[in-house]
Amino acid sequence: MLKEALKGILTPEENDELIAAFDQIGSIIIVRIPDSLLPKKRIIGKALLDRVKIARSVFYQASPVSGDHRTRNLEIIAGCDDTKTEYKESGCRFLVDVQNAFFSPRLSTERGRIAGLVCDEETMVNMFAGVGMFSIMAAKQKKCTVYSIDINKTANSLCEHNISINRLAGKVIPMHGDAADIVRKRLVSKSDRTLMLLPERSDEFLNDAVTTTRDGGIIHYYSHIHADKKTDAGRLSEEHYLDVAPVRSEILGSRLVRAVGPRYYQTVVDVKISK
C-alpha cells in the first residue's frame, strides 16, 4: 500500500528503499523510515494519512523499544500529535499509549493462543503485563484470576482503565512495581501459569518465574534466538531453556512468535515445572 501510494512521488530507487510494512493501531500508524529517506518523512506520512481513511496520526519510530519501561521515541509526521488510541481485539477494547507504554499489534496470535490455554479457576501471573492485553483477554471468557504486573506507571494506569471498560468472566488484579520484588514479597507459589513476555531479559527473571509458579505449574518462557533457518528457532529455544532452567522441566511445546530481525526470532517455550 505504501509503495503504491508513493509511486510518482518518490523516485523508483527511493521507492525500493522504502520499508513497506507499518503498524496500524486503532487510528494511529507507526512507520519505520530508512535514514536515506528521512528528509521525505512528512511526504511519506501524508501519503499514508491520505490512503488509510480511519487514520488520524502517522508517527515515525525514531528509536527501538528499550529500557525498563519498554518505551520508544515517536515523531509525528502527519496528522494529530496524540499517542493514545483505542484498539480492539477478540471482543476486547483497550486504551493504549503507543509511545509511553509497551504495546505490539504483532502479538495478536500469541495473545489468542494464551487466552485459549487458560482454564477456569486458574491463577496466572503476568510478570510484564504492559497495558493488560494478555491478562484481560485471558479473563474475558475464563473464570480465572490474573495478577498483572508492570513497572511502568503509565502502563499500569492504562491496565486499570482497560479492566474497567471490559466485561470479564474472571478477575484481573493490576500491580505496579518491579516483577521480581512483587513476586518475592506477595506471589510466592501463587501461579498455575506464569507469563514472561520480556524476551530480551527472560534469563534474568527465570528464577522469579519459578518462585511464583506452583509445583506442576506452567511457565511460558519467551526469548530471542538467532537461527539460520526459522524452522530451527523453536528447537534452539528449547535447548537454550533447558541450559538455563533452575528446576526440572517438561517441554510441552515451542513456537516461533515473530521475526524481529534478519535470522533473529522471538520464540516461546511452554514448560511444566517440578519443584
Side-chain angles (χ1 to χ4, degrees), residues 19-25 30-32 34 61 63-72 89-90 98 102-118 124-131 133-135 137-138 149-150 179-180 191-210 212-213 216-274:
I19 300 170
F22 57 85
D23 288 337
Q24 183 175 349
I25 304 163
I30 300 173
V31 64
R32 292 175 297 144
Q61 181 166 318
S63 75
V65 173
S66 63
D68 288 346
H69 288 194
R70 295 187 291 169
T71 57
R72 55 187 168 181
E89 186 175 303
S90 299
V98 295
F102 177 77
F103 169 76
S104 173
R106 301 185 185 194
L107 295 174
S108 59
T109 299
E110 184 64 8
R111 285 190 284 265
R113 186 183 79 91
I114 294 296
L117 293 174
V118 174
M124 182 166 81
V125 171
N126 186 354
M127 293 178 67
F128 315 103
V131 302
M133 293 196 65
F134 277 87
S135 304
M137 286 177 62
I149 307 168
D150 206 278
S191 178
D192 300 299
R193 184 182 303 275
T194 302
L195 195 62
M196 317 180 55
L197 200 75
L198 189 63
E200 63 273 23
R201 297 178 66 187
S202 287
D203 290 358
E204 178 184 342
F205 287 95
L206 184 53
N207 281 330
D208 300 302
V210 170
T212 197
T213 308
I218 293 169
I219 295 175
H220 300 287
Y221 170 88
Y222 295 83
S223 61
H224 285 156
I225 293 290
H226 287 282
D228 290 334
K229 299 177 182 177
K230 74 176 182 179
T231 52
D232 292 336
R235 173 182 58 80
L236 291 171
S237 62
E238 291 180 16
E239 291 174 0
H240 174 75
Y241 171 81
L242 291 173
D243 282 343
V244 299
V247 291
R248 285 189 296 125
S249 303
E250 175 190 352
I251 302 288
L252 302 178
S254 62
R255 67 184 298 270
L256 189 152
V257 177
R258 58 174 176 160
V260 292
R263 296 185 296 280
Y264 196 42
Y265 304 96
Q266 181 177 338
T267 61
V268 58
V269 182
D270 303 333
V271 300
K272 182 176 181 180
I273 67 166
S274 299

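With hydrogens and angles left out, the side-chain atoms of Arg258 and Gln266 include a donor and acceptor closer than 3.5 Å.
Closest heavy-atom contact between Ile218 and Thr213: N-CG2, 3.9 Å. Taking all atoms of both residues into account, the shortest heavy-atom contact from Thr194 to Thr212 is OG1-CG2, 3.5 Å. Of all the heavy atoms in Pro246 and Val210, the pair that sits closest is CG-CG2, 3.8 Å. Of all heavy-atom pairs between Val271 and Ser249, the closest is CB-CB, 4.4 Å. Among all heavy-atom pairs drawn from Ser274 and Val247, the shortest one is O-CB, 3.8 Å. In terms of heavy atoms, Pro199 sits closest to His224 at CG-NE2, 3.4 Å.
In this structure, Arg193 contributes its side chain and His220 its backbone to no donor-acceptor pair below 3.5 Å. Checked by atom type and distance alone, the side chain of Ser202 pairs as donor or acceptor with a backbone atom of Tyr222 at under 3.5 Å. Of the possible donor and acceptor atoms, none in the side chain of Arg111 sits under 3.5 Å from a partner among the backbone N and O of Glu89.
We find the CE-CG distance between Met127 and Leu198 to be 9.0 Å, quoted to the nearest 0.5 Å. Note that the CG atom of Leu236 and the CG atom of Leu256 stand 11.0 Å from one another [nearest 0.5 Å]. For the atom pair CD (Glu110) and CE (Met137), the distance works out to 10.5 Å, reported to the nearest 0.5 Å. Rounded to the nearest 0.5 Å, atoms CD (Glu200) and OG (Ser223) are 11.0 Å apart. Ile219 contributes atom CD1, which lies 6.0 Å from atom CG of Leu206 (distance to the nearest 0.5 angstrom). Here Leu197 contributes atom CG and Ile114 contributes atom CD1; the two are 8.5 Å apart, rounded to the nearest 0.5 Å.
Relative ring orientation between Tyr264 and His226 is described as parallel, the plane-to-plane angle staying below 30° on a 0-90° scale split at 30° and 60°.
Not counting sequence neighbours, the partners of Asp203 by the side-chain contact (heavy atoms from CB on, under 4.5 Å) test are Tyr221, His240, Val244.
Comment: Glu238 does not engage Arg235 in a salt bridge, judged by the lack of any side-chain N to carboxylate O separation of less than 4.0 angstrom.
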Test side chain to side chain contact (heavy atoms under 4.5 Å, CB included) applied to Asp23 and Gln61, step by step: CA-CA 10 Å; Asp23 288 337; Gln61 181 166 318; 5.7 Å; no

Trace of the side chain to side chain contact (heavy atoms under 4.5 Å, CB included) decision for Val269 with Ile251: CA-CA 7 Å; Val269 182; Ile251 302 288; 3.6 Å; yes

Steps toward side chain to side chain contact (heavy atoms under 4.5 Å, CB included) verdict (Arg201, Asp68): CA-CA 10 Å; Arg201 297 178 66 187; Asp68 288 346; 2.8 Å; yes

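Environment of CZ in Arg255: crowded, with over 12 heavy atoms of neighbouring residues, nucleotides or ligands closer than 6.0 Å. Surrounding CG of Asp243 are more than 12 heavy atoms belonging to other residues, nucleotides or ligands, all under 6.0 Å away.
Using a 4.5 Å cut-off on side-chain heavy atoms (C-beta onward), Met133 and Leu107 make no contact.
Tested against Phe128 for a ring pair (Phe, Tyr, Trp, His ring centres under 6.0 Å), the candidates Phe134, Phe102, Phe205 yield a single pass: Phe205.
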